[in-house]
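What follows is one structure encoded as structure tokens, with my remarks underneath.
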2 protein chains.
Amino acid sequence: MNIEDTIVADIREFNRFYTKILSLLDKHVLNTSYSFTEARVVLEIGFMESCIANNLVEKLDIDRSYMSRIIAKLSKDGLLTKEISTLDNRTSVIQLTAKGIALFNQLNEKSDKQIINLLHGLSQRQITEIHASMLLIKKNLEASGGYCNDTI
Amino acid sequence: MNIEDTIVADIREFNRFYTKILSLLDKHVLNTSYSFTEARVVLEIGFMESCIANNLVEKLDIDRSYMSRIIAKLSKDGLLTKEISTLDNRTSVIQLTAKGIALFNQLNEKSDKQIINLLHGLSQRQITEIHASMLLIKKNLEASGGYCNDTI
DNA sequence: GAAAAATGTTGACTTTGTCCACTAAATGCC
DNA sequence: GGCATTTAGTGGACAAAGTCAACATTTTTC
């Protein structure tokens, strides 16, 4: 082990710093009447194109019953359709409707704009550095795989 | 402007990735009977050593009234003291008690251990890469300063 | 010194999330 | 096949987290 204290301190500082960045980004994603969690669900269904509730539960780490209610709400609002799976009668295949896709696109565009705004004023070089750094962090942390076990 | 689409997409992916890392870290900070937000407040008071409620409101971006209640609870539990400021009679100087400092240390140790755990299994080189990348991201994003304005 | 702004508190409320029990279907096992 | 176990989803009841508006008090501004 023997990881230097300064490294741990710097990583914790980065985490505090990035927590604030992310929370600012999250806050402004929405002028839609949907909560951040609901928006995440819409985005995830959009990315997956077709899925079942349990996929979303696992991917987004949201409680089963809570997800059930969110899906019910989105369905009631006409953003998605549920159709009982032919493979597994316990589950329903979930897909965005045209209206859901419209919201998905809107959320996507907003998120893209936020990132562009975040980088606004930085030089090409700085942007490249940030980009490369993010890829590196993700690659290295994924390599360990340890980040998603219980003893984290 | 003209920031490449792939860069924006990669940054958004990094944000999703890192959101999950942070939420896993957060979840496990506590076996204490305090919530994540309360723990953040204790940590922040500990770092600042002495502060007023409004410093915490700004630093942690928590609603004024909510903060007032959190401080009241922590005070009732004997974790901090409030003493009316001699400089500004509207405010109170907040400081951790011995008990509060004990919790602060405990939270700090847990957080350090989590980071060590997160890095567990990685090579020195990988750790160095992650560390350097984080410093670079923070430096570059802070340079812009734009990350904290309203139009993010 | 009056108007405006800042700080903190409280009551009432909404949103968000969790826990538990339950149904129904699928899976594993002999 | 038949029985036990697991998995997916739902609903009730509840707790935690956070928000909003109104207010008192003090400070700042002009």
Side-chain angles (χ1 to χ4, degrees), chain A residues 19-20 22-24 26-45 48 50-77 80-95, chain B residues 19-20 22-24 26-45 48 50-77 80-95:
Chain A
T19 295
K20 194 151 188 181
L22 289 172
S23 93
L24 286 168
D26 292 349
K27 231 174 236 173
H28 292 268
V29 171
L30 313 120
N31 273 342
T32 72
S33 54
Y34 292 98
S35 75
F36 174 57
T37 304
E38 287 161 348
R40 280 172 80 208
V41 172
V42 170
L43 279 169
E44 200 53 47
I45 299 171
M48 291 191 177
S50 166
C51 63
I52 64 169
N54 209 43
N55 300 146
L56 299 168
V57 164
E58 283 170 2
K59 183 86 183 180
L60 301 176
D61 201 20
I62 291 172
D63 178 82
R64 211 171 264 296
S65 64
Y66 190 25
M67 182 63 75
S68 175
R69 281 175 245 258
I70 291 172
I71 290 169
K73 180 183 173 187
L74 297 176
S75 170
K76 185 174 147 250
D77 289 0
L80 56 81
T81 56
K82 285 172 64 179
E83 200 172 340
I84 294 179
S85 165
T86 51
L87 295 161
D88 184 338
N89 280 303
R90 293 171 304 180
T91 67
S92 294
V93 174
I94 293 168
Q95 284 182 302
Chain B
T19 295
K20 196 153 187 179
L22 289 172
S23 92
L24 285 168
D26 293 347
K27 231 174 235 173
H28 292 268
V29 172
L30 314 120
N31 271 343
T32 73
S33 54
Y34 292 98
S35 76
F36 174 57
T37 303
E38 287 160 349
R40 281 172 79 208
V41 172
V42 170
L43 279 169
E44 201 53 46
I45 299 171
M48 291 191 178
S50 166
C51 63
I52 64 168
N54 208 43
N55 299 147
L56 299 167
V57 164
E58 282 170 4
K59 182 85 182 182
L60 301 176
D61 202 19
I62 291 172
D63 179 83
R64 211 170 264 294
S65 65
Y66 191 23
M67 183 62 75
S68 175
R69 280 177 246 260
I70 291 172
I71 289 169
K73 181 183 172 188
L74 297 177
S75 170
K76 185 173 147 253
D77 289 1
L80 57 81
T81 57
K82 284 172 65 179
E83 200 171 341
I84 294 180
S85 166
T86 51
L87 294 161
D88 185 338
N89 280 304
R90 292 170 304 180
T91 67
S92 295
V93 175
I94 293 168
Q95 283 181 301

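Just so it is clear: chains get the letters A, B, ... in the order the sequence lines come, proteins before strands, and each one is counted from 1. Computed from a predicted structure; not experimentally measured.
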- Message: With a 4.0 Å cutoff (strictly under), does any side-chain N or O of Ser65(A) reach OP1 or OP2 of dC19(C)?
- Response: no

- Tell me: CZ of Arg64(A) to P of dA25(C), nearest whole Å? 17 Å

- Message: Base, sugar-phosphate or nothing for Thr91(B)? Non-hydrogen atoms, less than 4.0 Å.
- Response: sugar-phosphate

- Phosphate-side-chain proximity, Lys82(B) and dT9(C), N/O vs OP1/OP2 below 4.0 Å: yes

- Message: Between Ile45(A) and Leu56(A), is there a side-chain heavy-atom distance shorter than 4.5 Å?
- Response: yes

- Lys73(A) NZ to dG9(D) P: how many Å, rounded? 20 Å

- Query: Does dT9(C) have OP1 or OP2 sitting under 4.0 Å from an N or O in the side chain of Ser68(B)?
  - Reply: yes

- Would you mind reading off the distance between Asp88(A) atom CG and dT23(C) atom P, rounded to a whole angstrom? 19 Å

- Message: Do Val41(B) and Tyr34(B) have side chains that approach each other closer than 4.5 Å (heavy atoms only, starting at C-beta)?
- Response: no

- Item | For atom CZ of Phe36(A) and atom P of dT14(C), their distance in whole Å | 24 Å

- Whole-Å gap separating P (dT19(D)) and CD1 (Ile70(B)): 11 Å

- Think Tyr66(A) has a side-chain N or O under 4.0 angstrom from the OP1 or OP2 of dT18(C)? no

- Query: Ignoring hydrogens and angles, does a donor from either the side chain of Arg69(B) or the base of dG11(C) sit under 3.5 Å from an acceptor on the other?
  - Reply: yes

- Task: Using a 4.0 Å heavy-atom cut-off across all strands, classify Asn54(B) as base, sugar-phosphate, or nothing.
- Result: sugar-phosphate

- Which is true for Ile62(A) with a 4.0 Å heavy-atom rule: it touches a base, it touches only sugar-phosphate, or it touches nothing? nothing

- Item | Ala53(B) versus Met67(B), closest heavy-atom pair with distance | O-CG, 4.2 Å

- Measure the distance from CG on Asp61(B) to P on dG18(D) and round it to the nearest whole Å. 11 Å

- Task: Send over the distance from Arg40(A) CZ to dT15(C) P, rounded to a whole Å.
- Result: 19 Å

- Message: With a 4.0 Å cutoff (strictly under), does any side-chain N or O of Asn89(B) reach OP1 or OP2 of dT27(D)?
- Response: yes

- Task: May I ask you to decide if Lys59(B)'s main-chain N or O and Lys20(A)'s side chain share a donor-acceptor pair within less than 3.5 Å?
- Result: yes

- Determine whether any donor atom in the side chain of Arg90(B) lies under 3.5 Å from an acceptor atom in the base of dA6(C), or the reverse, and answer yes or no. yes

- Item | Nearest non-hydrogen partners of Arg40(B) and Leu60(B), listed with the distance | NH2-O, 3.3 Å

- Between atom CG in Leu60(B) and atom P in dG18(D), what is the gap in whole Å? 11 Å

- Item | Any Thr37(A) side-chain nitrogen or oxygen under 4.0 Å from OP1 or OP2 of dG17(C) | yes

